[in-house]
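Everything on this sheet refers to the single structure shown next.
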Amino acid sequence: MAEKPADKPSETLKTAKPAKQALDLNALSGLDFGPNWADENAKSGRPKNYDSFGGGKGGKGRRGGGGSGGGASRDRRLGGRPSSGHSTGRDGQSDRRGQDASRRRSEGRRDNRGEGGRGRSTAPAYFEPTIKVDLYPQDEAFEALINRLRSSARTYQLFDIAQLLLEKPERYIVVVSPKPIKGDQPAQLYFSVPGHLPFETEEAAINHVMANHLAQFFEIEEIEVEPPKGNFQMVNRCTITSELLGPPNYHRYQEFLQLHYAARITGMSFEQFAARVESSKEQEDIDAWLESMKKGARYTVKDHQEDESESLETLEAVRHFLLQHRKDKVVGTGESIRFAGRDIERLPKGDIRRSVEAYVESQKHFPLDSANNIRGRLRRHKFAVYKKGSKGVSFVCAVKRKFRDSKTVFTESIGDLIDFIEKHPDLPASKLPNEYVGIDTEKQKPEALKMTEAEVEAAAKAKAEAAEVEAKAAAEVDSTVGETVEAPEKASELDEAAATIAKEATASTEAQPKVELSEGDQKKLRQLMLDLRWLITEGYVTEYGDGRLFAPPPMPDAKPKETKAPKVESGLESDPDAEAKEEVAAETEVVEEEESLKVQANPETVVPEAKEPELEAPAIEAETEEPAEEKKS
């Protein structure tokens, strides 16, 4: 009888083991370690009145029984289940689903708060530039662009050309200047003479030269020196660069601190930098600093003058020497500073660099200012720049446009082709053979406007050679008295380049048929491509950069000159000068009326200069007859 009670605990243990092994770990999914206010099922720390939401003391529309808590109490221990509240199904899965949903909602709210708070997405704060920034094309890159445009008779958007120059920093120049402030004197910026980079203060410009351009003023030689002697219990380290600065009880510690801040730290004040300095009592760090102090530098002055020191051994002495004897070669001031775009990454972190980078990014997105900066320069190189459409999109082409009227004479093939293009605007040049003569050709995508580094280097080389030739010519002119004949020739160079561009420019004149053609079809296709090339290079048809073709309609004829009523003779003598003025005024009115009608008929035309009215055929007829005769031959 005494053994039976002893057997019961063993049986209980045997039966308890399977229960422990069969524990469902899914029960742990209901645990929530988030803050209390993120759980909508948690009790609030202060009473709230939910009567307006239709609930009683039990809470805001909660399911389940009442009670002071209004919901089921949860036991967070392992295997704990709600004692009351939600109805439980098999193995408490209903409760776990509710807890999982609550946990997912809480995590979603926490994620949203991490991304900006209460579900709002955070966007990078807009930085208002502190200075005025402008971008201009770099000379060599612009020359390469000019050559690229002249090698094609296509018409490109001005924005596309501007974005091509903004693709790489090596292709543009940055000009910065202070923003004008009403009522104040015009502010100035400082710049380092070596490198020509802008700075807001003179101190920052001097520090940049000290850190990067000492070799321009001194011969720097590394020498062995005696390490400092003393009892050093600790050494300070910069947590930003991890460099050892020196013991705080060393007599040159403040000098080292200032020089390290000037040479290595950007984007924070000196007080912020000093707060980031930490101390180390490790003997290894102290020994490492002592070892580094065994190496020094001797600065031998270049271009030494009689009253100057020949060599210096400390950076503080170097700084004093530069400010006393070489300040004009170290730092300068100006209302605007110009530097190369490739030097943006050399600017120290600060408001000037942020302003330049923000402006460059905005121009890459919408290059309005940059396009306006190159508009006048393109016109000086004899490029046609005009606007078209209701939105005023600007286009650029090396070929000057021409407009036909009722008196313009073409050969039959050219006349039929231009009429067809006029009736089918924006027809791709690759589809023209199929649409016009029924010959199916391979689809050809026009070459995109681009510029390679080889072209930029070639333009730079050509510019250097031209400058060398010009210098030699100037020397010859100086040695020769009274000869000044070279200037008119230079003035006509651009006109000659613009006149020959139509002969050298390429257009959509190649078409590859998909099948082998007969001799007659080959002749038709060849004639079509020749006529198309002539129309494009002469300016009667516009081929855009994407291959679309456009031919403007003919200009309307001018109204005939009105006959004046005969004058009534009077006894007074007529003034011949007054009659001549009246005739000139009448002719001017007719010319202005003709030009206004032309502009109304085609809004995209550039208004030509006024010419004397003639009853004969206009000058454009004579220009078109000559190529037409060549076509016939």
Side-chain angles (χ1 to χ4, degrees), residues 130-136 138-139 169 172-181 184-222 252 254-267 269-270 296-353 355-356 464 467 471 474:
T130 58
I131 56 175
K132 185 178 181 297
V133 185
D134 286 304
L135 302 178
Y136 295 93
Q138 198 258 358
D139 291 342
Y172 56 82
I173 299 293
V174 184
V175 179
V176 297
S177 57
K179 286 188 174 182
I181 303 176
D184 293 347
Q185 294 292 333
Q188 289 188 335
L189 292 176
Y190 297 88
F191 65 92
S192 60
V193 177
H196 212 269
L197 296 180
F199 296 89
E200 293 180 340
T201 62
E202 184 181 48
E203 186 73 13
I206 296 173
N207 292 338
H208 175 77
V209 176
M210 290 286 296
N212 300 279
H213 299 286
L214 286 183
Q216 185 171 333
F217 304 96
F218 303 95
E219 293 286 349
I220 304 175
E221 178 186 2
E222 186 175 325
R252 294 182 62 191
Q254 290 298 328
E255 176 188 345
F256 291 164
L257 194 67
Q258 293 283 351
L259 290 175
H260 182 79
Y261 170 76
R264 302 297 303 277
I265 307 301
T266 57
S269 64
F270 181 78
R298 178 182 291 116
Y299 303 91
T300 305
V301 180
K302 293 181 179 180
D303 301 330
H304 175 259
Q305 304 296 327
E306 293 183 0
D307 57 341
E308 298 175 352
S309 301
E310 292 185 3
S311 63
L312 307 168
E313 295 185 356
T314 65
L315 288 175
E316 189 64 26
V318 168
R319 184 187 186 92
H320 180 74
F321 175 85
L322 290 177
L323 295 181
Q324 186 176 5
H325 300 286
R326 304 285 192 275
K327 188 174 182 180
D328 58 334
K329 297 181 180 180
V330 172
V331 63
T333 60
E335 295 183 0
S336 63
I337 311 298
R338 180 187 181 98
F339 61 96
R342 61 177 175 270
D343 292 335
I344 295 177
E345 60 182 13
R346 295 174 51 202
L347 288 173
K349 293 182 179 179
D351 288 344
I352 291 182
R353 179 166 179 172
S355 300
V356 173

| Arg342 side-chain N/O to Pro169 backbone N/O, donor-acceptor pair under 3.5 Å | no
| Under 3.5 Å, is there a donor-acceptor pair between the side chain of Gln216 and the main chain of His213? | no
| message | Testing the basics here: between Phe339 and His196, what is the closest heavy-atom pair and its distance to 0.1 Å? | response | CB-O, 3.3 Å
| task | Considering non-hydrogen atoms only, spot the tightest contact between Gly332 and Val193 and give its length. | result | N-CG2, 4.2 Å
| remark: One should read off an interatomic distance between Thr300 OG1 and Glu310 CD, to the nearest 0.5 angstrom, of 8.5 Å
| query | What's the shortest heavy-atom distance between Lys179 and Thr130, and which atoms? | reply | CG-O, 3.9 Å
| message | Tell me whether Lys349 at atom NZ has more than 12 heavy atoms from other residues, nucleotides or ligands lying less than 6.0 Å away. | response | no
| field | Closest non-hydrogen atom pair between Gly195 and Asp343, with its separation | value | O-OD2, 4.3 Å
| query | Got a second to check how far Gln258's CD is from Arg319's CZ, nearest 0.5 Å? | reply | 8.5 Å
| Evaluation steps, side chain to side chain contact (heavy atoms under 4.5 Å, CB included), between Arg326 and Lys302 | CA-CA 11 Å; Arg326 304 285 192 275; Lys302 293 181 179 180; over 6 Å; no
| request: To the nearest 0.5 Å, tell me how far Leu315 CG sits from His260 NE2. | output: 13.0 Å
| request: Taking the six-membered ring for Trp and the full ring for Phe, Tyr or His, determine whether the centres of Phe321 and Phe218 are under 6.0 Å apart. | output: yes
| said: Assess, by modelled atom type and distance only, whether the side chains of Asn207 and Arg264 contain a donor and an acceptor separated by less than 3.5 Å. | reply: no
| What pair of heavy atoms forms the shortest contact from Leu347 to Arg353, and how long is it? | O-NH1, 2.8 Å
| said: Taking atom NZ as the centre, does Lys327 end up with more than 12 heavy-atom neighbours from other residues, nucleotides or ligands that are less than 6.0 angstrom away? | reply: no
| note | To the nearest 0.5 Å, atom CZ of Arg298 lies from atom CG of Leu312 at 11.0 Å
| Is it true that Tyr190 and Phe199 have ring centroids separated by less than 6.0 Å? | no
| Going by atom types only, do Glu316 and His320 share a side-chain donor-acceptor pair under 3.5 Å? | no
| message | In the structure I gave you, are the side-chain heavy atoms of Arg338 and Val176 within less than 4.5 Å of one another anywhere? | response | no
| Taking it one step at a time, do Thr333 and Leu189 satisfy side chain to side chain contact (heavy atoms under 4.5 Å, CB included)? | CA-CA 6 Å; Thr333 60; Leu189 292 176; over 6 Å; no
| Shortest non-hydrogen separation from Leu322 to Met210 and the atoms involved | CD1-SD, 3.9 Å
| request: Calculate, to the nearest 0.5 Å, the distance between atoms OG and CG belonging to Ser177 and Asp134 respectively. | output: 6.5 Å
| N/O donor-acceptor pair under 3.5 Å between Ser192 side chain and Pro194 backbone | yes
| task | Would you mind reporting whether Phe191 and Val331 have side-chain heavy atoms less than 4.5 Å apart? | result | no
| message | Distance check, rounded to the nearest 0.5 Å: Ile352 atom CD1 versus Ile344 atom CD1? | response | 12.5 Å
| Step-by-step side chain to side chain contact (heavy atoms under 4.5 Å, CB included) determination, Ile337 to Val175 | CA-CA 6 Å; Ile337 311 298; Val175 179; over 6 Å; no
| So do Ile220 and Leu214 actually touch side chain to side chain, heavy atoms under 4.5 Å? | yes
| field | 4.5 Å side-chain heavy-atom contact, Phe270 and Leu257 | value | yes
| said: Taking Asn212's backbone N and O only, do any of them form a donor-acceptor pair with His208's side chain (distance below 3.5 Å, no angle check)? | reply: no
